[in-house]
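Take a look at the structure below.
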There are 4 protein chains.
Amino acid sequence: MSSSQALDPQEAARNALAQSRSRQLLDAAARLMEREGSEAVSMQALATEAGVSVGLIYRYFGNKDDVLLAVITDVLDAFSAKVPIAVAEAGEDPVRKLAAAFTAYCHVIDEHRHAAVLTYRESKSLDEEGRARIKQLEVETSQPLRDALHDGVAAGRLTAADPDLVAYNLLLLAHAWALKHWYFERTMTLERYIQAQLGLTLRGVISPKSRRSYADLLEP
Amino acid sequence: MSSSQALDPQEAARNALAQSRSRQLLDAAARLMEREGSEAVSMQALATEAGVSVGLIYRYFGNKDDVLLAVITDVLDAFSAKVPIAVAEAGEDPVRKLAAAFTAYCHVIDEHRHAAVLTYRESKSLDEEGRARIKQLEVETSQPLRDALHDGVAAGRLTAADPDLVAYNLLLLAHAWALKHWYFERTMTLERYIQAQLGLTLRGVISPKSRRSYADLLEP
Amino acid sequence: MSSSQALDPQEAARNALAQSRSRQLLDAAARLMEREGSEAVSMQALATEAGVSVGLIYRYFGNKDDVLLAVITDVLDAFSAKVPIAVAEAGEDPVRKLAAAFTAYCHVIDEHRHAAVLTYRESKSLDEEGRARIKQLEVETSQPLRDALHDGVAAGRLTAADPDLVAYNLLLLAHAWALKHWYFERTMTLERYIQAQLGLTLRGVISPKSRRSYADLLEP
Amino acid sequence: MSSSQALDPQEAARNALAQSRSRQLLDAAARLMEREGSEAVSMQALATEAGVSVGLIYRYFGNKDDVLLAVITDVLDAFSAKVPIAVAEAGEDPVRKLAAAFTAYCHVIDEHRHAAVLTYRESKSLDEEGRARIKQLEVETSQPLRDALHDGVAAGRLTAADPDLVAYNLLLLAHAWALKHWYFERTMTLERYIQAQLGLTLRGVISPKSRRSYADLLEP
DNA sequence: GATGAATGAGGGTTCATTCAT
DNA sequence: AATGAATGAACCCTCATTCAT
């Protein structure tokens with residue numbers, strides 16, 4: 001009720017504080033996971049890293065799973081923030097938009113590698129309602145990929161029996177950069193990874209007559 | 001012939017017991033993970049599920065990580081046991097062999113869904129030497145995919161700049177059936193999943209002149 | 001002057017708390033060992049005896065061996081606190097100083113009988129660096145005995161081929177009051193024990209011409 | 001009844017077996033303690049070292065403490081076996097007999113260093129009746145020292161207000177070679193240790209007129 | 001007599017969570 | 001709003017002891 005407009009200054013201040021505290025903690029969590037691995041995130045360690053007390057975390061998050069959920073959500077938020085922009089900059093061509101979206105996904109994943117892995121961990125609350133939220137967010141944030149694919153199909157540039165599966169696969173391949181980083185880092189850079197995976201996927205869905213137009217994307 | 005050398009019956013009995021205990025414990029672990037999630041596998045819970053005492057587990061496994069490693073290895077062993085057979089039954093055609101291999105992978109994953117997820121968890125000992133063993137086993141067990149792909153390329157049926165990446169992607173897609181089961185189960189059966197993913201991947205690597213021969217694999 | 005530098009009150013309070021908690025735990029350990037023997041000191045038992053939770057112990061000590069080391073160090077600290085004072089009060093005569101030192105040692109041992117025995121137990125961490133620390137502390141705290149002996153030799157009151165061995169023997173005899181308490185308590189009081197042992201040792205090292213001056217120490 | 005004489009052959013065989021099993025286990029315990037320290041004696045380790053099964057140990061010993069008690073008793077038995085012989089070989093002189101006895105004690109201790117330390121460990125059953133047995137045995141086995149001292153006093157060679165205390169101290173000094181081995185081994189050999197300690201003790205109890213006769217024992 | 005697989009209480013340790021200040 | 005000392009359930013692991021074979 002008081003959320004959208006006419007917020008009294010006290011509440012506004014409170015919200016701003018909550019916002020900045022969340023940011024502070026989420027950033028600390030990211031740093032911690034980057035430095036020590038995502039197993040090392042204990043509440044105590046998180047508090048120390050963020051420069052606050054343990055108790056304070058519980059003022060802004062209900063429990064540890066809430067924090068983890070927020071970390072994951074944070075990554076998904078980065079998707080919503082960056083992918084649409086990248087898509088918009090790619091112009092009107094749906095295939096170029098698709099490529100731009102995938103590239104942006106991969107870059108975000110690369111910047112949050114350890115947080116991205118979290119999604120694949122089973123934790124108590126993530127089974128109940130957290131799982132549902134993540135699912136929904138994941139679907140929402142993969143919308144740009146789906147849109148570009150559908151556009152491409154509509155425009156006759158792509159041929160895909162199940163565009164949603166292709167979109168999901170691309171998401172998966174972006175995640176795979178984090179999940180299997182120990183494997184890929186031995187043979188590839190991120191840019192090379194993006195190019196190679198994009199090429200493979202596109203070769204499976206591009207319509208024959210459009211091949212020539214996207215030779216740069218298809219030829220590795 | 002059946003064993004290594006002059007097996008004294010006492011040792012043989014002991015080995016058989018160890019074998020069956022391992023089986024019993026690994027099966028219990030699988031059941032437990034299936035029922036409560038792979039986070040719920042405490043040594044106490046495992047003992048209870050297997051109907052033995054905690055102490056007994058330590059007679060057959062050095063520590064908890066050894067158990068987890070064994071669970072993972074168990075899946076990988078199922079690969080080595082089943083995939084080569086499926087490939088052999090597929091005949092000589094490298095593309096058919098590839099399809100058979102992927103199908104077999106997916107079936108094994110489906111039968112060990114929760115165990116398969118374990119590989120993606122970071123655990124203490126899995127970072128040190130366990131990680132190395134898993135990597136190696138993963139590479140070994142994915143060999144059939146790689147072989148079929150290389151054969152296909154050599155035979156001119158497939159065109160792939162990086163066959164190893166394609167093989168790894170297929171492995172990933174098989175794992176994805178377990179990792180993202182909550183997503184796929186809403187829209188697909190396992191068989192449909194296999195067919196769809198195989199179609200997509202093949203369309204990206206099949207050589208133009210061979211398309212007609214594998215129309216059944218390519219058309220969903 | 002009293003502390004190191006610009007003590008902010010918060011840190012000071014924390015230090016005071018840590019101090020008092022340590023005291024509380026070490027006293028509980030002493031009581032426990034007194035009542036149940038030094039084998040009975042489990043972390044749980046210690047927590048219960050001290051009226052705190054197990055977890056709290058780990059806020060003040062790294063692990064169980066740290067606790068045991070602290071218990072031992074505590075005794076050695078009592079030596080450093082009490083022996084020099086006793087020596088100082090004994091005047092200038094090196095033999096009187098020696099007697100005073102030994103008496104003080106025995107009294108401290110008597111007050112920490114069970115803790116004193118700990119030094120003779122082999123424990124995991126006590127082999128590595130703990131052992132080294134104890135050794136060093138033991139040597140340091142037995143310095144007053146050595147000093148008095150060397151002084152006595154220098155002053156011509158004592159004759160000892162190996163004063164350090166004599167000093168070590170006295171230390172041992174002090175410990176023996178704890179180690180063999182079940183034996184000595186049947187026939188002696190602490191005071192009688194001190195007098196008798198001192199007499200024996202002194203008779204072995206006193207120079208002939210000084211015998212008369214210390215008749216009170218030599219004649220039991 | 002059947003013990004002293006006329007033992008039926010079956011019982012005799014049983015006794016002999018029990019005897020040899022005990023020996024086998026006690027020797028294994030000694031080896032184990034020598035090699036791994038006296039903390040490392042678990043029932044399993046002991047069984048393995050002795051080349052028997054765990055269960056068998058319980059046929060010959062009631063529980064672990066019984067084994068430990070037997071190990072200790074074994075050392076005390078070695079005293080009764082060796083010390084009287086050494087004393088007998090020393091001739092008639094009570095002081096020489098004392099010296100021979102102490103030397104023999106120290107040698108036995110040196111051969112069973114780790115077992116000797118066991119006496120100073122508190123364990124469950126050692127408090128109850130085991131303690132009593134050990135006390136008694138300790139007193140019995142130190143009899144040669146006491147005898148020699150009393151003889152010496154009677155012969156006017158020694159002057160000691162409390163000969164029993166002197167005897168007990170010598171026992172303690174023999175033990176100290178094991179208890180404080182880490183200290184003494186840095187500066188002394190066993191022979192030097194014996195000579196030095198004997199010298200110190202004797203100087204405290206030898207009667208003035210006998211000093212010359214035992215100059216070899218008194219001068220280090 | 002002998003085995004060794006099996007038990008399970010108990011030990012040390014960690015860490016999410018609470019609450020008095 | 002913020003702190004951090006305190007809690008205690010839960011975890012992994014060991015080892016003396018038992019008992020069916």
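Per chain, numbering begins at 1; letters A, B, ... match sequence-line order.
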Check: Partners of C/Q44 by side-chain hydrogen bond (donor to acceptor under 3.5 Å, both in side chains), sequence neighbours excluded?
Finding: none
Margin query: Whether D/R59 contacts E/dT3 is assessed here as follows: a side-chain N or O lying under 4.0 Å from the phosphate OP1 or OP2. Is that the case?
Written below: no
Check: Counting side-chain heavy atoms from CB outward, which of E/dG4, F/dA5, E/dA2 is closest to C/Y60?
Finding: F/dA5
Item checked: Dot-bracket notation for DNA chain F, counting Watson-Crick and G-U pairs under 3.5 Å, with | for partners on another strand -> .||||||||||||||||||||
Note to self: I'd like to know if the side chain of D/E34 and the backbone of D/H114 have a donor-acceptor N/O pair within less than 3.5 Å.
What the structure shows: no
Checklist line | Partner set under side chain to side chain contact (heavy atoms under 4.5 Å, CB included) for B/R31, not counting sequence neighbours | finding: B/D27, B/A28, B/E49
Check: Rounded to the nearest Å, what distance is computed from the CG atom of residue C/L68 to the C1' atom of nucleotide E/dG12?
Finding: 12 Å
Note to self: Assess the residue pair C/Y60 and C/L17 against the criterion (side-chain contact (heavy atoms from CB on, under 4.5 Å)); give the C-alpha distance rounded to whole Å, side-chain angles, the decisive distance to 0.1 Å, and a yes or no.
What the structure shows: CA-CA 10 Å; C/Y60 298 101; C/L17 181 56; 3.8 Å; yes
Checklist line | Euclidean distance, atom CD1 of residue D/I57 to atom P of F/dT18 [Å, nearest integer] | finding: 13 Å
Item checked: Nucleotide of E/dA5, E/dT18, F/dA5 approaching B/L56 most closely (side-chain heavy atoms) -> E/dA5
Item checked: Sequence-distant partners of D/A116, side chain to side chain contact (heavy atoms under 4.5 Å, CB included), two or more places apart -> D/I109, D/A178
Checklist line | C/F61 CZ - F/dA6 P separation (whole Å) | finding: 13 Å
Margin query: Can you identify which nucleotide, out of F/dC13, E/dA6, E/dA2, has its nearest atom closest to the B/N63 side chain?
Written below: F/dC13
Notebook entry, point to check: Does any non-hydrogen side-chain atom of D/L25 lie less than 4.5 Å from one of D/V52?
Noted result: yes
Note to self: Determine whether a donor-acceptor pair (N or O, by modelled atom type, separation under 3.5 Å) exists between the side chain of A/H112 and the backbone of A/V75.
What the structure shows: no
Notebook entry, point to check: Rounded to whole angstroms, how far apart are OH on D/Y58 and P on F/dT18?
Noted result: 7 Å
Check: Going by number, which of residues 46-54 of chain C have a non-hydrogen atom under 4.0 Å from DNA chain F?
Finding: C/V52, C/S53
Margin query: Taking side-chain contact (heavy atoms from CB on, under 4.5 Å) as the criterion, tell me which of B/D66, B/T119, B/L118 meets it with B/V71.
Written below: B/L118
Note to self: Here's a test of your reading of the structure: between B/M43 and A/G55, which maps to the more 5' nucleotide of DNA chain F?
What the structure shows: A/G55
Note to self: How long is the straight-line distance from CG of A/L69 back to CD1 of A/I134, given to the nearest 0.5 Å?
What the structure shows: 5.0 Å
Notebook entry, point to check: Within this structure, what is the CD-to-C1' distance between B/Q44 and F/dC13, rounded to whole angstrom?
Noted result: 11 Å
Item checked: Beyond-backbone contact of C/K64 with C/L46, side-chain heavy atoms, under 4.5 angstrom -> no
Next item on the list: Select from C/R14 and D/S42 the residue whose nearest nucleotide in DNA chain F is closer to the 5' end of that strand.
Entry: C/R14
Next item on the list: Please say whether more than 12 non-hydrogen atoms of neighbouring residues, nucleotides or ligands are located less than 6.0 Å from CD in C/Q19.
Entry: no
Checklist line | Closest to the B/K64 side chain, choosing from F/dC12, E/dA2, E/dT13 | finding: F/dC12
Checklist line | Heavy-atom check, side chain of A/T73 versus side chain of A/L137, under 4.5 Å | finding: yes
Notebook entry, point to check: Does anything in residues 23-34 of chain B reach DNA chain F, meaning a heavy atom under 4.0 Å, and if so which residues?
Noted result: none
Margin query: I want to check one thing: is the phosphate of F/dA1, taken as OP1 and OP2, less than 4.0 Å away from some side-chain N or O of A/R21?
Written below: no
Margin query: Using the side-chain heavy atoms of D/L17, tell me which of these nucleotides is nearest: E/dA16, E/dA2, F/dT17.
Written below: E/dA2
